[in-house]
Protein chains: 2
Amino acid sequence: MPRAKEVLTITTPPGEDAEDIGEIRDIVGFHLRLAHGAVYRHFTETFTDLGLTQKQVSVLWLVDDHPGIAQTGLSQRMRMDRATTMAIVNRLEARDLLARGPSPTDGRKQTLNLTEAGKAMLATAKEAIRAHEDWLKSRYTPREVAVLIELLTRLHE
Amino acid sequence: MPRAKEVLTITTPPGEDAEDIGEIRDIVGFHLRLAHGAVYRHFTETFTDLGLTQKQVSVLWLVDDHPGIAQTGLSQRMRMDRATTMAIVNRLEARDLLARGPSPTDGRKQTLNLTEAGKAMLATAKEAIRAHEDWLKSRYTPREVAVLIELLTRLHE
DNA sequence: TATTGTTATACTCTATAACTATA
DNA sequence: TATAGTTATAGAGTATAACAATA
């Protein structure tokens with residue numbers, strides 16, 4: 001009796017149609033969306049006073065970590081479109097938290113740097129982030145936090 | 001020598017200021033946002049032809065699972081505001097995928113049900129979801145998928 | 001030709017506030 | 001009073017397309 005060369009075995013739950021994709025609670029994307037939404041809402045509440053969004057804080061943080069970074073560099077690190085990056089940088093520049101400047105090496109590029117107000121805002125924001133992350137991590141052991149970050153990283157790397 | 005009653009020990013990495021929150025790559029929310037964005041983009045690409053968003057598919061699916069559900073019931077399951085739910089239901093109703101009806105028991109409520117076109121669309125959407133989830137799950141072992149869902153669920157439950 | 005920044009445009013999501021009808 | 005739906009409004013994120021300047 002010849003053996004089948006099994007590359008992958010898919011088990012169909014008993015009593016369920018093989019064509020059925022299953023239940024919505026088994027969809028990873030569904031949970032990812034709900035989890036993101038919950039964290040987004042808590043973030044927004046935490047940051048009402050500062051008036052900053054997740055994206056805006058991320059941009060301030062990344063510019064602080066990489067002074068003089070160009071908008072395309074920011075786009076790559078944030079996995080955003082150029083136009084989307086523009087919109088966010090525009091808002092931060094309008095609030096005088098971030099400044100555009102010319103690139104000494106490439107006339108097409110802009111250099112981005114935090115203003116003094118931007119640095120102060122980032123410091124305050126990091127305090128709020130700490131509280132926000134504590135709220136988030138309170139559900140997990142340190143080991144679980146590490147696992148969660150590992151698994152999430154595989155989705156965006 | 002008295003022992004300290006340690007509830008939680010927080011270890012500060014050597015050479016790092018205790019006031020420093022750390023690096024952005026250690027922030028769970030940062031990875032969650034990037035992961036969500038990556039999955040969102042792949043979802044959008046997968047669903048360009050159908051012209052459905054994540055939220056819209058979730059609503060169709062939930063209405064199919066719970067025929068006659070009210071908009072507030074939908075709001076709770078999707079963790080959305082009433083007004084946000086309205087906007088999404090409006091779009092689906094305008095495309096004749098979903099129908100509003102009166103509630104037999106409560107004059108304030110609306111019942112929601114899929115139209116025939118809505119049921120057909122959902123069936124097609126589920127096929128696309130299957131491909132989308134396969135892409136997503138290809139990074140993980142079945143065990144890791146279960147862990148990821150477990151950890152994400154703790155964030156939105 | 002390719003890259004970078006820019007502008008214009010459009011759609012979706014999200015939430016708040018205020019209003020109406022019903023319980 | 002509280003709940004459900006509705007409407008209006010506003011801000012933010014997302015992407016596409018087209019354009020100008022530079023490499």
Side-chain angles (χ1 to χ4, degrees), chain A residues 32-34 36-48 50-60 68-95 98-112 156, chain B residues 32-34 36-48 50-59 68-95 98-112:
Chain A
L32 185 62
R33 198 175 50 62
L34 287 183
H36 177 260
V39 171
Y40 172 81
R41 277 188 294 278
H42 184 271
F43 186 101
T44 306
E45 287 166 19
T46 309
F47 277 76
T48 341
L50 288 177
L52 289 176
T53 65
Q54 285 182 328
K55 288 286 164 83
Q56 289 168 355
V57 172
S58 294
V59 166
L60 290 181
I69 191 175
Q71 281 180 201
T72 44
L74 217 47
S75 296
Q76 288 161 10
R77 286 175 189 276
M78 308 264 304
R79 271 81 169 177
M80 292 189 309
D81 189 78
R82 276 180 300 163
T84 307
T85 307
M86 272 292 297
I88 297 175
V89 169
N90 282 346
R91 286 183 201 110
L92 292 172
E93 192 187 35
R95 290 172 64 182
L98 185 151
R100 285 181 166 100
S103 166
T105 59
D106 191 329
R108 297 169 302 182
K109 292 187 178 178
Q110 296 272 17
T111 61
L112 300 176
H156 67 77
Chain B
L32 185 61
R33 195 174 53 63
L34 287 183
H36 176 260
V39 172
Y40 172 81
R41 275 188 295 278
H42 184 270
F43 187 100
T44 306
E45 287 166 21
T46 308
F47 277 77
T48 340
L50 288 178
L52 290 175
T53 66
Q54 284 183 329
K55 290 285 164 84
Q56 289 169 353
V57 172
S58 295
V59 166
I69 191 175
Q71 283 181 199
T72 45
L74 217 47
S75 296
Q76 287 160 10
R77 285 175 190 276
M78 307 264 305
R79 272 79 167 177
M80 291 189 310
D81 188 77
R82 276 181 300 164
T84 307
T85 307
M86 273 291 297
I88 297 174
V89 169
N90 282 346
R91 285 184 201 109
L92 293 172
E93 193 187 35
R95 289 173 64 180
L98 185 151
R100 286 181 165 100
S103 165
T105 59
D106 191 328
R108 296 169 301 181
K109 291 187 180 178
Q110 297 271 18
T111 60
L112 299 176

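Throughout, a chain's letter reflects where its sequence line sits, starting with A, and its residues are numbered from 1.
Separating the CG atom of B/Leu74 from the P atom of D/dT6 is a distance of 12 Å, rounded to the nearest angstrom. Residue A/Ile88 contributes atom CD1, which lies 6 Å from atom P of D/dT14 at whole-angstrom precision. Taking atom NE2 on A/His36 and atom P on C/dC13, their separation rounds to 14 Å, with Å as the unit. For A/Ile69 and C/dG5, the CD1 to P distance is 10 Å, given to the nearest whole Å. If you measure from atom CD of B/Glu45 to atom P of D/dT16, you get 8 Å, rounded to the nearest angstrom. The interatomic distance linking A/Phe43 (CZ) with C/dC13 (P) rounds to 21 Å, in whole Å. Taking atom CZ on A/Phe47 and atom C1' on D/dG11, their separation rounds to 18 Å, with Å as the unit. Between the C1' atom of C/dC13 and the CD atom of A/Gln54 lies a distance of 13 Å, rounded to the nearest Å.
Mapping B/Asp81 and A/Gly73 onto DNA chain C by nearest heavy atom places A/Gly73 at the nucleotide closer to the 5' end. Where A/Asp106 and B/Ala83 meet DNA chain D, the nucleotide closest to each residue was compared, and B/Ala83 sits on the side nearer the 5' end. In this structure, B/Asn90 and A/Met80 both approach DNA chain D, and ranking their closest nucleotides by distance from the 5' end singles out B/Asn90. Looking at which nucleotide of DNA chain C each of A/Tyr40 and A/Arg100 is closest to, the 5′-most match is held by A/Arg100.
Closest contact between the side chain of B/Arg41 and the listed nucleotides D/dA15, C/dC13, D/dA2 involves D/dA15. Among the nucleotides D/dT14, C/dT3, C/dA21, the one closest to the side chain of A/Arg108 is C/dT3. Nearest nucleotide to the side chain of A/Lys109, out of C/dT4, D/dG5, C/dC13: C/dT4.
Counting non-hydrogen atoms under 4.0 angstrom, A/Thr84 reaches a base of the nucleic acid. Across all strands, B/Thr53 comes closer than 4.0 Å only to sugar-phosphate atoms, never to a base (heavy-atom distances).
Applying the 4.0 Å criterion to OP1 and OP2 of D/dG5, one finds that B/Thr72 has a side-chain N or O inside that range. In this structure, A/Gln110 reaches the C/dT6 phosphate: one of its side-chain N or O atoms is under 4.0 Å from OP1 or OP2. Within the structure, every side-chain polar atom (N or O) of A/Gln71 is placed at least 4.0 Å from both OP1 and OP2 of C/dT3.
A donor-acceptor contact under 3.5 Å is formed by the side chain of B/Arg82 with the base of D/dA4.
To the nearest 0.5 Å, atom OG1 of residue A/Thr44 and atom CD of residue A/Gln54 are 6.5 Å apart. Atom CZ of residue A/Arg82 and atom CG of residue A/Leu74 lie 14.0 Å apart, to the nearest 0.5 angstrom. In this structure, A/His36 NE2 and A/Phe43 CZ are separated by 10.0 Å, a value rounded to the nearest 0.5 Å.
Each of B/Lys109, B/Met80, B/Arg100 was evaluated against B/Gln71; a single residue qualifies, B/Arg100, per the side chain to side chain contact (heavy atoms under 4.5 Å, CB included) test.
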From CA spacing to verdict: side-chain contact (heavy atoms from CB on, under 4.5 Å), B/Arg33, A/Val39: CA-CA 9 Å; B/Arg33 195 174 53 63; A/Val39 171; over 6 Å; no
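Considering all non-hydrogen atoms of both residues, B/Ser103 and B/Thr111 come closest at CA-CG2, 3.7 Å.
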